Amino acid sequence: MTRGKKSIVLLLVVSALVVAGILAGVRLWHVHLQTSDWTLWPREVPSKVQFADREYNCGPDAKPAQRDLSELTPQGRTAGGAEIYAQPPRAEARVYIVVRTSEGTFPCPLMGGP
């Protein structure tokens, strides 16, 4: 391969790596805005869940807890695809939600108060 062809191949490889890096950075930022986690794909139970125009704190290392879902109804999904259970809509703010996965239920309180 001639020196000119090597330069073109090197330029293409470097350009592809730069574009891939930019796309990964944009994806990281987008997931972080949704969930507060710095990951390429959102977890089922992210640190922060956006639901009903509010934000709920599930924590960076959420642990399952027994939670009675009988008074709650499924009302949405997290960015990672888990079911969100909440109280029926009322005038006052919902003070918590429960995220249900195959691993269990994860209670998440409202961030910042009602």
Side-chain angles (χ1 to χ4, degrees):
M1 199 180 300
T2 66
R3 181 175 285 229
K5 288 184 181 179
K6 285 182 182 178
S7 296
I8 292 172
V9 169
L10 181 61
L11 179 63
L12 289 174
V13 168
V14 169
S15 298
L17 289 173
V18 168
V19 169
I22 290 170
L23 292 174
V26 168
R27 178 67 183 173
L28 280 169
W29 183 249
H30 179 70
V31 171
H32 176 72
L33 289 176
Q34 282 186 308
T35 67
S36 289
D37 297 325
W38 288 104
T39 59
L40 288 174
W41 287 271
R43 298 180 294 154
E44 275 192 302
V45 184
S47 297
K48 174 181 76 177
V49 174
Q50 296 178 2
F51 171 71
D53 298 325
R54 297 295 192 118
E55 294 180 345
Y56 294 84
N57 181 17
C58 296
D61 189 29
K63 303 257 188 287
Q66 284 291 33
R67 199 62 186 223
D68 180 25
L69 299 178
S70 63
E71 294 182 17
L72 307 177
T73 59
Q75 297 185 28
R77 295 203 169 270
T78 66
E83 277 189 300
I84 298 173
Y85 282 75
Q87 300 159 329
R90 291 186 275 224
E92 68 266 7
R94 299 170 180 121
V95 294
Y96 73 93
I97 61 171
V98 176
V99 176
R100 189 178 112 190
T101 70
S102 60
E103 297 175 16
T105 57
F106 299 80
C108 305
L110 180 64
M111 294 174 78

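Note that this is a predicted model, so its numbers are computed, not measured.
In terms of heavy atoms, Pro46 sits closest to Cys58 at O-CB, 3.1 Å. Closest approach of Pro107 to Thr105, counting heavy atoms only: CD-O, 3.8 Å. Between Cys108 and Val99, the shortest heavy-atom contact is SG-CG2, 4.0 Å.
When the ring-ring contact (aromatic ring centres under 6.0 Å, His included) test is applied to Trp38, the partners found at least two apart in sequence or on another chain are Trp29, His32. Residues satisfying the salt bridge (charged side-chain N to carboxylate O under 4.0 Å, His left out) test with Glu55, not counting sequence neighbours, are Lys48. Under the side chain to side chain contact (heavy atoms under 4.5 Å, CB included) criterion, Gln34 pairs with His30, Ala79, sequence neighbours left out. Legend: residues meeting side-chain hydrogen bond (donor to acceptor under 3.5 Å, both in side chains) with Thr73, ordered by chain and number and at least two apart, are Gln75. A search for side chain to side chain contact (heavy atoms under 4.5 Å, CB included) contacts involving Pro74 returns Glu83, Tyr85, not counting sequence neighbours.
Screening residues 9-20 for salt bridge (charged side-chain N to carboxylate O under 4.0 Å, His left out) gives no qualifying pairs among residues at least two apart or on separate chains. Sequence neighbours left out, not one pair with a member in residues 4-48 passes disulfide bond (SG atoms under 2.5 Å apart). Listed by first and then second residue, the disulfide bond (SG atoms under 2.5 Å apart) pairs that reach into residues 1-30 come to none, sequence neighbours excluded. Here salt bridge (charged side-chain N to carboxylate O under 4.0 Å, His left out) pairs that include residues 1-10, with residues two or more places apart or in two chains, number zero. For the salt bridge (charged side-chain N to carboxylate O under 4.0 Å, His left out) condition, the pairs that include at least one residue of residues 36-47, sequence neighbours left out, are Asp37-Arg43.
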Chi angles and distances behind the side-chain contact (heavy atoms from CB on, under 4.5 Å) call for Phe106, Thr101
CA-CA 8 Å; Phe106 299 80; Thr101 70; 3.4 Å; yes
Check step by step if side-chain contact (heavy atoms from CB on, under 4.5 Å) holds for Val45 and Thr78.
CA-CA 7 Å; Val45 184; Thr78 66; over 6 Å; no
What do the steps show when you test Tyr96 against Gln87 for side-chain contact (heavy atoms from CB on, under 4.5 Å), and what is the final call?
CA-CA 8 Å; Tyr96 73 93; Gln87 300 159 329; 3.7 Å; yes
For residues 8-28, which side-chain donor-acceptor pairs fall under 3.5 Å, sequence neighbours excluded?
residue : atom : partner : partner atom : Å
Ser15   : OG   : Leu11   : O            : 2.8
Arg27   : NE   : Leu40   : O            : 2.7
Arg27   : NH2  : Leu40   : O            : 3.4

Name each donor-acceptor pair under 3.5 Å that joins a side chain in residues 62-69 to protein atoms two or more places apart or in another chain, with its distance.
residue : atom : partner : partner atom : Å
Lys63   : NZ   : Asp61   : OD2          : 2.7
Asp68   : OD1  : Ser70   : N            : 3.1
Asp68   : OD1  : Ser70   : OG           : 3.1
Asp68   : OD2  : Ser70   : OG           : 2.8

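Between atom CG of residue Leu72 and atom CD1 of residue Ile84 there is a gap of 12.0 Å, rounded to the nearest 0.5 Å.
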